[in-house]
Structure formats: structure tokens, C-alpha cells
Amino acid sequence: LTKERGKGDFYIFTPDMLEKASKSLRLQHDLYQALSNNEFELFYQPKVNAKSEKICGAEALIRWNHPTLGMLYPDDFIYLAEESGLIVRIGEWVYQEACKQVKKWKEAGKEIFKVSINFSTLQFLQKDLVGRIASFLDESGIEGKWLEVEITESILIQNDQELVDKIEGLKKLGVQIALDDFGKGYSSLDYLRKFNFSTLKLDKDFIKDIHTNRESEDITSFIIALGKRLNINIVAEGVECEEQAQKLKKLECNELQGFLFSKPVSVSEFEKLL
Ligand code: C2E
Ligand code: MG
Ligand code: MG
Ligand code: MG
């Protein structure tokens, strides 16, 4: 990358880019200790049943309590974890932590519901992914049905037999598979045919103007109808206002998730919502 500044001056990096690059390097370095220092935390965001508005699920979203920079969000560090390959170990921590949480809630006699986790593409390349999840579930005595894995279509683009086998393997454990951010990117309908998802999550870009933009409403309505036909649960993400919620209820969307109900919160905050 070069940037021309005035006559004959070429900068490989602008000061701004240098600062960004050195911040990334530092985070990359710190990331190696984050797991052993126990710096990751899962926040939970409720999904509510559209009819009753009762909590029917939760999405686990990773946060990094950085010792000096404070709380960091996935967009700040997941790409770094992917570059270094650490994402596989972090991903393992995520599903184990989520399962342990389900178990705690169950043991505490709370009404329980499934917990969804997010998987990145690289994690899906892990050779023995299904076997490792299977033995973890087995050891900890947690049924697969309480776990849902949210994947995005960037994973599906690989479109090979190994991937199909992994998804089928997870389903055999009872783990549910959701297609996240649907409607964003290419969203091939062929994926719906091939993978038989239990849930589709409508991307927040559609929900954003569903109450003000006829096209967004029509597309959403079409996807919900398609979901019904295929017996797939439809979740709308990014629901921020009452008008959006009303519209989605009218379209018979199954579940709603978004700041209108709650932002993602710590375990103790989440328990107050229950
Ligand atoms: P996602 O899975 O699509 O998660 C939804 C994101 O939207 C979350 O951001 C959530 O906080 C945010 N959100 C929820 N409700 C609303 C709303 O009403 N309005 C708006 N504007 N945003 C809302 P977050 O937590 O920053 O996560 C961003 C992305 O990072 C996630 O997108 C997911 O792809 C990824 N991610 C999160 N946790 C993990 C993880 O444990 N592992 C991996 N591999 N990726 C993760
Ligand atoms: Mg998600
Ligand atoms: Mg999403
Ligand atoms: Mg997303």
C-alpha cells in the first residue's frame, strides 16, 4: 500500500496506518496469554418468542477483558485469532464455557433453553471437531440439544464433503445448526436445500428498515414464508424498536433478538432477566 503526499513523497504507511498496525501486533501478542489468564468472558443476549415475548434462547457472544485496554469486542480481535490459528482453541473454550453455563442453569433449577454459539470458518476446518464436541458433551453430561451452532455462509462456500459430514455429525449429536446473517452476501437458496438448517437468522440489515422500507419488508416476508414451508425456525436479529417488532410479529417471524429486548449482558445480568 502506498500513499502519495505532495511531490515526490511516498509513504508505505501513513502514521494512522502505523498506529493501527502496531495496535494489531500488540493485540496479536496479548491474545496468546488471554486464554491462560482467563480473560475471555461470554456475554448472553436473549432471543424471545415473538408471540409471548418470553425468553426462549440465548446467544453467547465473546468478550475479551483486556488487562489494560478494557473490554474488547469480537470485531477487535476475532480476525487476529483467525490469522494466528488461535481461534480453534478459543472456539473450544467458547463451546465448553457455554455448555457449562447451560449445566449450571439447569442445576440451579432455572428454566432452560438452548444456547447458541458462533463458529468461524477456520474452526470448522479442525479435523476432529465433531469428535471433540462429542466427548466434551459426554464427559460433562450435557445433551447436544441445548447447544446450537451459528454459522455464516462464508463457511458453506467451501462446499465440500468434509463440511457436509461435519454438519451432519453435529446434528447426530443433537446439536442444532443455524444459518447466521441470512440475506447478507450471496445467501444461496441451494444452502437451504443441502444443509437442512434448524434455524435461519435474518440479518440485521433487513430488520433495520423493515418498518420504513417496502422492499425490506417484502423480502423478509418472503424468507419467513419460505422458512415455514421448509420447517425452519426464523429468528430476526437487530430488533431495536417496537415498530420493527410489530412488523415482524405480523409477518409471523418465530423469534426476535435485539436491543429492544436486551443487549448482550454478563451472566449475572442475564440471570436477572430470567
Ligand atoms: P453475530 O453472530 O451476527 O452477532 C450479532 C451481533 O449483533 C453482536 O455483536 C450483537 O451484540 C449485535 N447486536 C445484537 N442486537 C443488536 C441490535 O439490536 N442492534 C445492533 N446494531 N446490533 C445488535 P458482537 O457481540 O459485537 O459480535 C459481532 C460478531 O462477532 C458476531 O456477529 C459473530 O459473528 C462474532 N462472534 C461473537 N462471538 C463469537 C465467538 O465466540 N466466536 C466467533 N468465532 N465469533 C464470534
Ligand atoms: Mg450469531
Ligand atoms: Mg448475525
Ligand atoms: Mg454478524
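Every heavy atom of this structure was used, including side-chain atoms; hydrogens, water molecules and symmetry mates were not. Every number for a ligand or one of its atoms is a count from 1 in the order of the listing.
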Engineer: What is the name of the N/O/S atom in Glu150 that sits closest to the Mg ion (ligand 2)?
Structural biologist: OE1
Engineer: If you measure from atom 7 (O) of ligand 1 to every heavy atom of Lys204, Glu150, Glu237, which option wins on shortest distance?
Structural biologist: Lys204
Engineer: Give me each pair satisfying salt bridge (Lys or Arg N to Asp or Glu O under 4.0 Å) with a member in residues 79-102, each pair once, sequence neighbours excluded.
Structural biologist: Glu92-Arg132
Engineer: Do any nitrogen or oxygen atoms of Glu59 come within less than 3.5 Å of a nitrogen or oxygen of ligand 1?
Structural biologist: yes
Engineer: May I ask you to list the atoms of ligand 1 that are less than 4.0 angstrom from any heavy atom of Gly258?
Structural biologist: 15 (N), 18 (O)
Engineer: Pull out every atom of ligand 1 sitting under 4.0 Å from any heavy atom of Gln45, numbered as shown with elements.
Structural biologist: 14 (C), 15 (N)
Engineer: Once the angle between the rings of Trp105 and Tyr44 is folded into 0 to 90°, is it parallel (under 30°), tilted (30 to 60°) or perpendicular (over 60°)?
Structural biologist: perpendicular
Engineer: Measuring from atom 2 (O) of ligand 1, which candidate in Asn118, Ile207, Leu260, Asp181 has the nearest non-hydrogen atom?
Structural biologist: Asn118
Engineer: Is there an N/O/S atom in Thr152 that lies less than 2.8 Å from the Mg ion (ligand 2)?
Structural biologist: no
Engineer: Give the atom name of whichever N/O/S atom in Glu59 sits closest to the Mg ion (ligand 2).
Structural biologist: OE2
Engineer: Taking N or O atoms only and a 3.5 Å limit, does Phe259 qualify as a polar contact for ligand 1?
Structural biologist: yes
Engineer: Flag yes if more than 12 heavy atoms outside Lys228 fall under 6.0 Å of its NZ atom; otherwise flag no.
Structural biologist: yes
Engineer: Any idea which heavy atoms bring Phe113 and Ala58 closest together, and the distance?
Structural biologist: CE1-CB, 3.8 Å
Engineer: With heavy atoms under 4.0 Å as the rule, classify the contact between Ile117 and ligand 1 as side chain, backbone, both or neither.
Structural biologist: neither
Engineer: Using non-hydrogen atoms of the residue, decide whether Gln123 is closer than 4.0 angstrom to ligand 1.
Structural biologist: yes
Engineer: Could you tell me, atom by atom, which parts of ligand 1 come under 4.0 Å of a heavy atom of Pro264?
Structural biologist: 11 (O)
Engineer: Hey, could you give me the OG1/CD distance between Thr212 and Glu243, rounded to the nearest 0.5 Å?
Structural biologist: 9.5 Å
Engineer: Among Lys208, Lys47, Lys201, which residue meets the salt bridge (charged side-chain N to carboxylate O under 4.0 Å, His left out) test with Glu237?
Structural biologist: Lys201
Engineer: Which residue from Ile62, Leu42, Ile78 reaches closest to atom 41 (O) of ligand 1 through any of its heavy atoms?
Structural biologist: Ile62
Engineer: Examine the side chains of Arg26 and Thr68 and answer whether a donor and an acceptor come within less than 3.5 Å of each other.
Structural biologist: yes
Engineer: Ser120 heavy atoms, cut-off 4.0 Å: which ligand 1 atoms fall inside?
Structural biologist: 44 (N)
Engineer: With respect to the Mg ion (ligand 3), please indicate if Asp180 possesses an N, O or S atom at a distance under 2.8 Å.
Structural biologist: yes
Engineer: Indicate whether any N or O donor in one side chain lies under 3.5 Å from an N or O acceptor in the other, for Ser262 and Gln45.
Structural biologist: no
Engineer: Could you tell me, atom by atom, which parts of ligand 1 come under 4.0 Å of a heavy atom of Val94?
Structural biologist: 41 (O)
Engineer: Of all the heavy atoms in Arg63, does at least one lie under 4.0 Å from an atom in ligand 1?
Structural biologist: yes
Engineer: For side chain to side chain contact (heavy atoms under 4.5 Å, CB included), just list the numbers for Gln246 and Lys249, CA-CA rounded to whole Å, side-chain angles, deciding distance to a tenth of an Å, and then say yes or no.
Structural biologist: CA-CA 5 Å; Gln246 288 313 325; Lys249 285 180 189 185; 4.1 Å; yes
Engineer: With the threshold set at under 4.0 angstrom, would you say Gly91 reaches ligand 1 through any of its heavy atoms?
Structural biologist: no
Engineer: What pairs of residues pass the ring-ring contact (aromatic ring centres under 6.0 Å, His included) test when at least one of them lies in residues 116-147, not counting sequence neighbours?
Structural biologist: Phe119-Phe124
Engineer: Verify the distance test for Asp181 against the Mg ion (ligand 3): any N/O/S atom under 2.8 Å, yes or no.
Structural biologist: yes
Engineer: Ring centres under 6.0 Å, that's the criterion: do Trp64 and Tyr73 meet it?
Structural biologist: no
Engineer: List the steps and the verdict of salt bridge (Lys or Arg N to Asp or Glu O under 4.0 Å) for Lys104 and Glu107.
Structural biologist: CA-CA 5 Å; Lys104 275 188 209 153; Glu107 282 168 359; over 6 Å; no
